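See structure below.
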Amino acid sequence: MPRTPDGETNIVVLTGAGISAESGIRTFRGDDGLWEGHSLEEVATPYGWAEDRHKVWRFYQQRRSQLPLVEPNAGHLALARLEAAMPNGNFTLITQNVDDLHGRAGSNNPIHMHGELRLLRCEVCGEVGERMEPEHLEESVFVGCDNCENDILRPHIVWFHEMPFELERIDKAVNSADIFLVVGTSGHVYPAAGLLEIARSAGAYCIGVNLEPPLNVELFHEFHQGAAGKILPPLIGEWY
Ligand code: NAD
């Protein structure tokens with residue numbers, strides 16, 4: 001067991017699609033290897049977007065429209081409580097998730113390394129903004145930029161072959177972690193999957209929580225197999 005964190009303990013958490021599964025958002029890899037029936041090449045690469053904007057837009061509009069219909073679960077809430085109990089801001093939450101459930105649970109400024117469904121981005125002028133009004137959520141109508149002439153904004157999502165956001169900040173946090181807690185991620189998607197190895201090499205005590213053993217399970221000092229909403233509240237509730 002990790003030592004009970006005190007005021008000096010730096011806790012860094014990495015979450016993936018599994019933490020939102022109990023809220024009703026499907027994880028990335030179905031048993032069929034598809035994401036909601038689509039191949040990743042089709043809907044999660046710049047090539048897919050260049051090939052068929054209507055298909056990619058419809059896919060993300062469906063994910064965006066789902067957000068108001070789902071609620072944070074016990075796992076999101078437990079992490080928000082832990083953060084609130086940590087003195088001196090010695091807590092960093094990094095998420096691969098593009099949903100907004102950590103923020104709505106009360107987490108302060110999580111690092112969304114793969115982007116956010118709530119935001120759209122202009123590929124011409126670079127403007128990024130929240131576009132969640134009903135007229136922004138229609139499947140068959142593109143949303144245009146307020147700042148320039150471009151009439152097709154893209155999802156503010158990091159696709160395969162693109163660089164995740166805030167890597168420098170993430171690297172700094174992971175390298176200074178005393179406890180590195182990884183929840184609901186399969187360990188398939190890099191560079192996120194490599195953060196565990198970095199944290200472990202830098203001396204962090206590494207704890208995993210996942211429904212099934214992830215690819216890199218042997219790197220954890222402690223692994224808890226099961227649903228995040230059941231395991232996290234008692235596990236981290238002991239820390240504060
Ligand atoms: P993944 O789908 O590859 O893996 C999810 C993992 O969560 C699996 O190992 C599964 O066993 C585990 N899991 C499922 N239910 C769980 C539960 N209740 N408690 C704990 N673990 C559970 O997801 P990933 O590793 O995060 O990589 C996928 C990529 O997909 C990310 O880049 C992310 O941006 C994107 N994505 C995000 C969302 C979201 O925002 N909610 C949903 C789907 C995909």
Side-chain angles (χ1 to χ4, degrees), residues 13-46 48 56 59-79 93-105 107 110-119 155-167 170 181-196 207-220 222-236:
V13 183
L14 172 69
T15 65
I19 196 167
S20 295
E22 290 158 85
S23 295
I25 300 183
R26 290 184 60 183
T27 56
F28 208 27
R29 279 156 230 281
D31 293 338
D32 50 8
L34 301 177
W35 189 4
E36 302 275 0
H38 295 274
S39 80
L40 302 180
E41 281 296 319
E42 272 176 74
V43 297
T45 63
V56 176
F59 177 81
Y60 284 98
Q61 289 297 74
Q62 288 165 0
R63 315 272 83 71
R64 283 158 45 76
S65 300
Q66 188 189 17
L67 292 180
L69 309 177
V70 294
E71 296 295 332
N73 64 53
H76 300 106
L77 294 166
L79 290 175
L93 175 57
I94 304 162
T95 187
Q96 296 168 84
N97 292 348
V98 293
D99 65 50
D100 59 358
L101 294 177
H102 281 306
R104 284 169 52 205
S107 289
I111 301 177
H112 279 275
M113 67 183 293
H114 291 163
E116 294 180 62
L117 285 168
R118 300 185 67 84
L119 308 178
H156 189 52
I157 299 292
V158 176
W159 287 323
F160 287 96
H161 313 297
E162 295 183 325
M163 191 65 89
F165 298 129
E166 305 212 55
L167 283 181
I170 290 170
L181 170 64
V182 183
V183 185
T185 175
S186 60
H188 279 94
V189 179
Y190 278 82
L195 297 177
L196 174 57
I207 306 171
V209 174
N210 215 62
L211 205 53
E212 56 207 20
L215 275 185
N216 46 13
V217 65
E218 76 287 349
L219 291 173
F220 291 113
E222 237 180 73
F223 177 67
H224 301 262
Q225 184 162 359
K230 292 213 169 55
I231 291 181
L232 281 182
L235 179 74
I236 62 186

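For ligands, and for the atoms within them, numbers begin at 1 and follow the listed sequence. The analysis underlying the following values was restricted to heavy atoms, covering all of them including side chains, and did not include hydrogens, waters or symmetry mates. These figures come from a predicted structure and were not determined experimentally.
Not a single heavy atom of A192 sits less than 4.0 Å from an atom of ligand 1. In this structure, H188 falls outside the shell of residues with a heavy atom less than 4.0 angstrom from ligand 1. Using 4.0 Å as the threshold, R63 has no heavy atom nearer than that to any atom of ligand 1.
Which of G16, A228, G184, G187 comes nearest to atom 5 (C) of ligand 1 through a heavy atom is settled by distance: it is G184.
Residue contacts with ligand 1, taken as heavy atom pairs separated by less than 4.0 Å, involve R26 solely via the backbone atoms N, CA, C and O. For T27, heavy-atom contacts with ligand 1 shorter than 4.0 Å involve the backbone as well as the side chain. Residue contacts with ligand 1, taken as heavy atom pairs separated by less than 4.0 Å, involve A21 solely via side-chain atoms from C-beta onward.
Taking E166 as the reference, R169 meet the side-chain hydrogen bond (donor to acceptor under 3.5 Å, both in side chains) condition, with sequence neighbours excluded. Shown here are the side-chain hydrogen bond (donor to acceptor under 3.5 Å, both in side chains) partners of Q66, two or more places apart in sequence or in another chain: there are none.
The NE2 atom of H114 sits 12.5 Å away from atom NE2 of H156, with the distance rounded to the nearest 0.5 Å. Between the OG1 atom in T185 and the CD1 atom in I19 there is a gap of 11.0 Å [rounded to 0.5 Å].
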Worked check of side chain to side chain donor-acceptor pair (under 3.5 Å) between H76 and S20: CA-CA 8 Å; H76 300 106; S20 295; 3.2 Å; yes
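Between I19 and ligand 1, a contact under 3.5 Å exists for no N or O pair.
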